[in-house]
Amino acid sequence: MLESYFIVLMLGVFYGFFVGLIPVAGATTGLIAIYSFVTFFQDPYMLVVFTTAIVVTSSIGDSFCGVVMNIPGAGGAAATMVDGFPMSRRGEAARALSAAISTSWVNGLIWGLAVFLFLPWYTQIVLYFGTVEMFSFLIFAMVCVIFVSSKYWFRGLLALILGVMVGRIGMDPVTAADRYTFGWDYLADGVQIIPIMAGLLAVPELFSAYRMKAEKIQLTNGVIVSQLIDGVKDTWRWKWDGLRGGLIGGFVGLVPGIGGAIADWFAYSQTVAVSKKSPDKNEVPVGKGNVRGVIGCEGANNAQKATSYVPTVLFGIPGAPFEVIVMGLLMYVGLELGTPSVLADERFFDVLLSSYLWSLVIILPISYAFIKYAVYITNLPFKFYFWPIFASLVWSSTQYTGLIDDYIMLAICIGAGMLMKYLKFSRVSFLIGFILSYRLEASWVQFNSFGYGWEELVFRPLPATFMTLTVIALIWGLFFNKAKIDFV
């Protein structure tokens with residue numbers, strides 16, 4: 001049994017690292033593409049191992065494209081490009097990659113231990129969550145998704161509402177009657193999550209990457225080892241930048257629905273601010289190819305990935321877009337996150353911790369060794385990646401019935417995703433609304449059925465805390481959210 005688990009872990013490590021190397025792919029696209037293979041996981045805990053390995057290793061792998069090609073492997077690696085690619089132009093690609101890998105790995109270890117080692121004890125928090133607490137927490141999550149994770153808050157609000165409406169398509173849980181199906185029997189069980197994820201998130205990014213032109217960088221073999229060592233030294237020298245980035249990423253990961261990109265940019269902006277107060281006269285400014293810029297944002301990379309598991313596992317509320325896919329995959333094998341059965345499953349937490357830590361241990365030497373060959377892989381024309389990924393997404397999205405209806409639904413979702421991307425409507429807001437639509441509806445019904453009033457949200461400790469945080473998020477999003485990020 002242990003041998004089988006190790007084989008699955010290694011497959012997840014190599015697959016996740018490879019997906020991370022592909023421009024704009026990352027963990028989300030990589031996880032969507034494996035939906036068709038869920039039936040091969042007879043043991044549900046093997047799927048926990050596989051998905052965890054993908055999340056960990058893709059987070060480290062996606063730095064390669066940003067540094068070498070000036071194209072992010074995923075949204076969370078976009079900030080790394082700002083200083084990483086100028087360093088590559090100067091012939092310091094190996095140094096930038098080494099610093100990125102080292103910083104991401106260290107913070108992944110710190111925050112992974114803080115989360116997964118104590119996650120079984122965190123489940124006690126759920127005992128304090130009744131109807132009012134969960135309702136206020138959902139309000140806080142919705143406001144964060146709308147006003148914090150996008151500077152286009154009004155379009156984010158519309159996208160969220162639309163996502164909730166689409167999520168309510170199918171059978172009414174109260175009357176058992178079909179609703180909003182427009183006579184299309186295919187929608188009787190609701191809209192399936194795979195075409196939504198593939199069409200709204202993955203495919204539009206693939207098309208964008210297909211049109212991108214990567215700048216090619218060459219590595220000088222004679223200096224790779226020395227630059228690798230320099231990158232490790234840089235990680236220690238600027239350790240406070242990396243640890244501060246990890247702290248920011250760890251906090252952002254706890255907030256439902258925000259995701260990794262905002263954590264990276266927040267961490268990067270703080271690095272820029274600190275570097276201006278204590279500039280290094282021997283280095284170029286941060287933003288022009290300074291290794292501190294790489295270290296600052298990479299500190300948030302794996303830290304955010306680790307802490308985003310907390311709201312996902314405890315409450316079934318995704319901490320990031322990739323967690324939506326993890327939830328859906330594990331649900332297929334009977335592990336529904338946020339439910340009492342999973343929260344009481346000690347083996348689930350043991351497998352989650354061990355697979356996370358072993359993935360980190362295995363990927364570090366692989367990443368260092370791969371620096372020498374990074375250019376050869378990442379400089380391949382994107383068309384060699386595009387068609388296999390696109391085919392796997394189509395295949396995964398059309399397994400529900402295997403009929404023409406699956407293809408029609410996927411086409412609708414792709415069209416909606418392309419339109420939302422063009423109009424800068426937050427696709428993540430739509431997705432979070434879609435995923436939480438049932439929970440929102442159930443929580444609202446319970447809130448009213450039990451006779452609770454709005455005063456309960458103000459005078460009970462936890463709800464009052466969440467409502468205060470909601471107001472803070474609302475004010476910040478309206479008046480201070482000046483980040484230069486166009487979120488998906």
Side-chain angles (χ1 to χ4, degrees), residues 10 13-14 16-23 53 56-73 77 79-110 214-243 245-246 271 280-284 286 288-299 301-302 357-380:
M10 293 302 297
V13 166
F14 284 108
F17 186 64
F18 173 74
V19 167
L21 295 173
I22 299 174
V56 173
T57 55
S58 63
S59 301
I60 292 178
D62 63 17
S63 302
F64 281 82
C65 285
V67 171
V68 178
M69 300 176 66
N70 205 29
I71 298 177
T80 307
M81 295 162 32
V82 179
D83 286 275
F85 190 69
M87 289 182 67
S88 295
R89 281 177 167 168
R90 293 201 307 265
E92 296 182 308
R95 179 188 175 191
L97 287 171
S98 176
I101 293 167
S102 303
T103 306
S104 181
W105 188 89
V106 168
N107 280 277
L109 179 63
I110 293 172
E215 299 185 48
K216 296 184 178 181
I217 297 295
Q218 299 298 324
L219 289 173
T220 305
N221 290 331
V223 300
I224 289 178
V225 174
S226 62
Q227 286 193 14
L228 192 155
I229 297 173
D230 288 340
V232 175
K233 291 180 179 178
D234 289 327
T235 301
W236 174 253
R237 180 186 179 191
W238 304 111
K239 55 183 175 295
W240 299 118
D241 290 319
L243 293 173
T271 303
D280 187 341
K281 297 181 180 180
N282 298 321
E283 296 280 355
V284 298
V286 175
K288 302 293 184 180
N290 192 314
V291 73
R292 290 183 70 179
V294 174
I295 290 171
C297 57
E298 282 295 326
N301 195 346
N302 261 336
L357 294 180
W358 276 113
S359 297
L360 275 177
V361 170
I362 294 170
I363 195 58
L364 185 64
I366 292 175
S367 300
Y368 284 145
F370 191 76
I371 288 177
K372 180 178 180 180
Y373 308 100
V375 169
Y376 304 112
I377 301 296
T378 53
N379 282 352
L380 285 174

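Since we're looking at a predicted model, the values are computed, not measured.
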Heavy-atom closest contact (Val232 atom, Ser102 atom, distance): CG2-OG, 3.7 Å
Ser367 OG to Ile362 CD1 distance, which is reported to the nearest 0.5 Å: 11.5 Å
Interatomic distance, Ser59 atom OG to Asn302 atom CG [nearest 0.5 angstrom]: 4.5 Å
Lys NZ or Arg CZ of Lys233 over Trp236 ring: under 6.0 Å, within 45°: no
Side-chain donor-acceptor contact under 3.5 Å, Glu298 with Thr80: yes
Validation row: Thr57, Val13 side chains within 4.5 angstrom (heavy atoms): yes
Contact summary for Met87 and Arg95, nearest pair of heavy atoms: CE-CD, 3.8 Å
Heavy atoms from other residues, nucleotides or ligands near NZ of Lys288 exceed 12 (cutoff 6.0 Å): no
Under 3.5 Å: donor-acceptor pair, side chain of Ser104, backbone of Ala100: no
From CA spacing to verdict: side-chain contact (heavy atoms from CB on, under 4.5 Å), Ile366, Ile60: CA-CA 11 Å; Ile366 292 175; Ile60 292 178; over 6 Å; no
Any side-chain heavy-atom pair of Asp234 and Ile295 under 4.5 Å: yes
Thr235 and Val291, any side-chain heavy atoms less than 4.5 Å apart: no
Non-hydrogen atoms of Ala96 and Val67 that approach each other most closely: CB-CG1, 3.9 Å
Heavy-atom side-chain proximity of Leu243 to Ile110 below 4.5 angstrom: yes
Arg90 side chain vs Gly289 backbone, donor-acceptor pair below 3.5 Å: yes
side-chain contact (heavy atoms from CB on, under 4.5 Å) assessment of Leu360 paired with Val56: CA-CA 7 Å; Leu360 275 177; Val56 173; 3.7 Å; yes
Side chain to side chain contact (heavy atoms under 4.5 Å, CB included) involving Leu364 - partner list, sequence neighbours excluded: Ile101, Trp105, Tyr368
